[in-house]
Protein chains: 2
Amino acid sequence: MSESKIRNMEELASVSGISRPTLSKYFNAPDSVRASTRKKIEAALETYDYRPNIYAMNQNRRLTKNIGIVVPFLADPFFAEIARTLEQRCIDAGFRPTLFSSHGLPELETDILDTLLSMRPAGVLLAPLGRASDKEAIERFCEDVPTVLFDSNVEQFGIAFVGSDNFQFTKLMTDYLCRTGEPPSFFEMRTPANPNAHRRRQSYLDAMQKFGHTPQVISVEGEGWQFEEIGRLGGHEALSSGAFNSNSILCSNDRLAIGLMTACYEKGVQVGRTEGCSIRVAGIDGHPFGRYTCPPLTTVSHDYDAVSKTATDTLFSAINGDVSPWKSTRSEGKLIMRDSA
Amino acid sequence: MSESKIRNMEELASVSGISRPTLSKYFNAPDSVRASTRKKIEAALETYDYRPNIYAMNQNRRLTKNIGIVVPFLADPFFAEIARTLEQRCIDAGFRPTLFSSHGLPELETDILDTLLSMRPAGVLLAPLGRASDKEAIERFCEDVPTVLFDSNVEQFGIAFVGSDNFQFTKLMTDYLCRTGEPPSFFEMRTPANPNAHRRRQSYLDAMQKFGHTPQVISVEGEGWQFEEIGRLGGHEALSSGAFNSNSILCSNDRLAIGLMTACYEKGVQVGRTEGCSIRVAGIDGHPFGRYTCPPLTTVSHDYDAVSKTATDTLFSAINGDVSPWKSTRSEGKLIMRDSA
DNA sequence: TCATAAATTTTACGCGCGTAAAATTTAGAT
DNA sequence: ATCTAAATTTTACGCGCGTAAAATTTATGA
């Protein structure tokens with residue numbers, strides 16, 4: 001009943017009859033103390049409501065339980081979703097994830113790495129900005145902190161890369177489009193933020209060649225992460241000038257596709273694969289909102305579970321001391337057939 | 001040249017010729033030391049690359065420089081955007097923001113408050129889940145930590161509430177729809193996650209009465225934060241049964257509107273305000289993707305800047321000791337006229 | 001009952017920095 | 001040159017916990 005708040009482990013030791021070092025051991029690994037001792041501690045914990053001071057803990061621990069999760073652009077639902085999954089896996093494994101978004105800004109990305117450095121995290125899951133990243137800063141960071149890169153690869157930094165197989169994604173969709181209609185043109189940003197874009201273009205070219213079709217790549221201007229707007233403006237221009245050789249358009253990513261579809265709407269061009277439609281539009285990424293575009297967007301979805309599981313498993317085993325050579329894992333995607341193509 | 005890393009403030013003191021307490025003072029407020037001293041410190045800092053241990057700092061400081069930002073659902077671009085703005089303002093003010101998302105889960109929200117408690121933050125910006133929140137947990141939390149609630153209000157907890165004027169939002173849109181076409185029906189979730197929904201319905205009812213029209217509220221079933229899907233399914237049902245008395249539909253929020261528009265598309269119902277369209281759809285929130293729906297969504301946009309500025313200013317002055325009575329601030333929204341209504 | 005290993009307690013030290021009070025130096029003005 | 005207030009240094013203590021080593025207790029089996 002003495003609801004006097006416990007201030008520190010010392011006080012908890014006196015009221016619980018357990019020594020402070022044993023309490024310390026308990027908080028770091030409840031199973032490392034005898035069952036009877038654990039019972040006593042947990043009983044005391046219910047009466048007294050005490051929680052260790054994380055700053056004192058982290059100051060003295062060799063390694064904190066913190067894990068940093070960094071994504072390039074959190075307002076993109078794709079990253080929001082992958083971040084959510086990663087976060088949950090870290091919590092389940094007993095770590096404390098902290099989420100950061102670079103908001104598309106290279107300086108901010110570097111600042112975040114700086115902040116992370118001072119947090120002395122056990123590990124970091126980093127999706128770099130890509131082209132705009134300060135690669136030297138990332139390299140230096142990876143030397144100090146166990147880091148798994150995901151989504152987009154930058155050299156062979158960190159302990160591993162985990163992402164999606166962009167070649168398989170694009171080939172899958174190119175294949176589908178060729179089988180069900182005209183071979184597609186490819187719609188992309190000329191200077192994409194994300195290096196995956198180059199793999200996607202190349203994979204499109206490879207697939208078209210393999211199928212014996214003539215490829216066409218439409219590269220539109222635009223910088224930054226406002227992909228929808230870039231797609232819309234570029235789409236207007238391409239449609240006006242009759243640039244598309246095909247009535248099937250494969251977009252480098254879903255957000256670009258959403259923008260292109262808006263341009264089509266604004267130009268009165270019917271999108272879809274049914275009668276009366278004059279253009280098919282497909283994307284890549286499995287964007288959560290793709291289901292609700294009009295028409296719903298045909299796309300290739302990332303395997304969020306596989307990517308996040310591989311990324312966290314790799315990081316956790318590295319934290320536990322497993323030293324394996326640098327490795328790249330790329331998950332396959334699933335075709336999501338909807339009405340846009 | 002002696003690139004030997006500085007381990008702590010003590011070592012920096014010896015190499016810089018400045019005493020440790022003065023260095024401590026510098027790191028807490030660079031302007032609090034003499035200009036000449038600051039020069040010396042900053043010169044040393046460039047040669048030796050040292051950064052204070054945040055855990056040791058936070059352990060001893062009366063108050064940390066941490067600020068928690070909690071949103072109910074980060075995959076919603078509205079919250080991603082407001083979180084981004086808040087984050088930036090905290091950084092600019094010299095604080096260290098940490099971002100959390102409840103992911104729509106009440107237990108997670110409580111866990112986050114627990115985590116925050118152990119971080120001893122200087123303050124917290126909290127957008128609660130709403131109806132599903134553990135109100136007692138929030139109340140207890142607010143007693144211990146200076147907290148500004150935003151987006152959706154829960155009682156009069158914390159030091160203030162900052163949000164949008166949902167009455168003004170809804171009235172503005174209702175007014176617009178009445179002036180430009182048939183008075184709207186109102187489309188909402190029967191059991192909304194967010195309490196703002198009730199204000200919006202009430203405001204719709206008030207406005208309709210004021211304009212002398214008969215209101216109609218369509219409440220659709222569905223739980224959780226998958227608003228688009230709820231809107232789509234509810235939309236299908238309403239369209240099939242001919243439930244709508246009006247050809248103008250005001251949706252309680254943009255995501256619901258996006259779902260309804262998808263339902264319209266799937267039913268072959270033309271949305272828009274031009275010739276040949278049979279239904280107008282409007283939303284509320286200024287959702288970033290509303291510009292790219294087909295047709296683009298007419299909506300009322302939050303004043304992100306005003307909300308985030310008021311929220312952070314309120315919190316910062318509270319942290320600085322200003323004790324003012326609980327206050328609620330609600331910013332007005334701007335009508336964004338597009339093609340859907 | 002006794003031996004043995006495991007768990008726990010005791011004891012002691014250190015982590016890196018905040019902070020307070022007193023002693024000293026410095027800057028700016030007289 | 002002298003004075004005064006501000007800045008700085010010195011000195012000293014504490015924060016809450018990790019961790020190591022030695023001493024002690026406990027559990028388990030023979």
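Atoms considered below: every heavy atom in the structure, side chains included; atoms not considered: hydrogens, waters and symmetry mates. Because the structure is predicted, anything quoted here is derived from the model rather than measured.
To the nearest angstrom, P of dC17(D) lies 13 Å from OH of Tyr55(A). The distance between atom CG of Asp31(A) and atom C1' of dA7(C), rounded to the nearest whole Å, is 14 Å. Distance CG (Asn28(B)) to P (dC17(C)): 11 Å, rounded to an integer number of Å. The NZ atom of Lys39(B) sits 19 Å away from the C1' atom of dT26(C) (whole-angstrom rounding). Rounded to an integer number of Å, the gap from NZ of Lys65(A) to C1' of dC17(D) is 16 Å. When the P atom of dC17(C) is taken as reference, atom CG of Asn58(A) falls 15 Å away, rounded to whole Å. The OH-P distance, from Tyr26(B) to dT8(D), rounds to 13 Å in whole Å.
Residues satisfying the side chain to side chain donor-acceptor pair (under 3.5 Å) criterion with Arg61(B), sequence neighbours excluded, are Asn28(B). For Asn58(A), there are no side chain to side chain donor-acceptor pair (under 3.5 Å) partners, not counting sequence neighbours. Under the rule for a salt bridge (Lys or Arg N to Asp or Glu O under 4.0 Å), the partners of Arg84(A) that lie at least two apart in sequence or sit in another chain are Glu81(A). Evaluation of the salt bridge (Lys or Arg N to Asp or Glu O under 4.0 Å) rule for Arg7(A) yields no partner, not counting sequence neighbours. With sequence neighbours excluded, the residues forming a side-chain contact (heavy atoms from CB on, under 4.5 Å) with Glu143(B) are Glu139(B), listed by chain and number. For the side chain to side chain donor-acceptor pair (under 3.5 Å) test, no residue two or more places apart in sequence or in another chain qualifies with Asn8(B).
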List the atom pairs, donor and acceptor, that lie under 3.5 Å between side-chain atoms in residues 322-330 of chain A and the rest of the protein, sequence neighbours left out.
unit_1	atom_1	unit_2	atom_2	d
Trp326(A)	NE1	Gln156(A)	O	3.4
Trp326(A)	NE1	Phe157(A)	O	2.8
Arg330(A)	NH1	Ser164(A)	O	2.8

Which atom pairs, donor and acceptor, lie under 3.5 Å between side-chain atoms of residues 31-43 of chain A and protein residues at least two apart or in another chain?
unit_1	atom_1	unit_2	atom_2	d
Ser32(A)	OG	Ala29(A)	O	2.7
Arg38(A)	NH1	Pro30(A)	O	3.4
Glu42(A)	OE2	Tyr26(A)	OH	3.0

When the side chains of residues 86-93 of chain A are checked against the rest of the protein, which donor-acceptor pairs come out under 3.5 Å, sequence neighbours left out?
unit_1	atom_1	unit_2	atom_2	d
Glu87(A)	OE1	His103(B)	NE2	3.1
Gln88(A)	NE2	Asp92(A)	OD1	3.0
Arg89(A)	NE	Ser308(A)	OG	2.8
Arg89(A)	NH2	Asp305(A)	O	3.4

Within the 4.0 Å limit for protein heavy atoms, which parts of nucleotides 9-16 of chain C are touched? Write it as a string from 5' to 3', B for base, S for sugar-phosphate only, - for none. BBBB-BBB
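Residue Ser24(A) has a polar side-chain atom (N or O) positioned under 4.0 Å from OP1 or OP2 of dG18(D).
Note that the two end axes of the helix from dT1(C)-dA30(D) to dT30(C)-dA1(D) enclose an angle of 10°, each drawn from 5 base pairs, rounded to 10 degrees.
Considering CZ of Phe27(B) and OH of Tyr50(B), their distance stands at 5.5 Å, rounded to 0.5 Å. Going from atom CD1 of Ile67(B) over to atom NZ of Lys65(B) covers 8.5 Å, rounded to the nearest 0.5 Å.
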Which protein N or O atoms sit under 3.5 Å from an N or O of nucleotides 22-29 of chain D?
unit_1	atom_1	unit_2	atom_2	d
dT26(D)	O3'	Arg34(A)	NH1	3.4

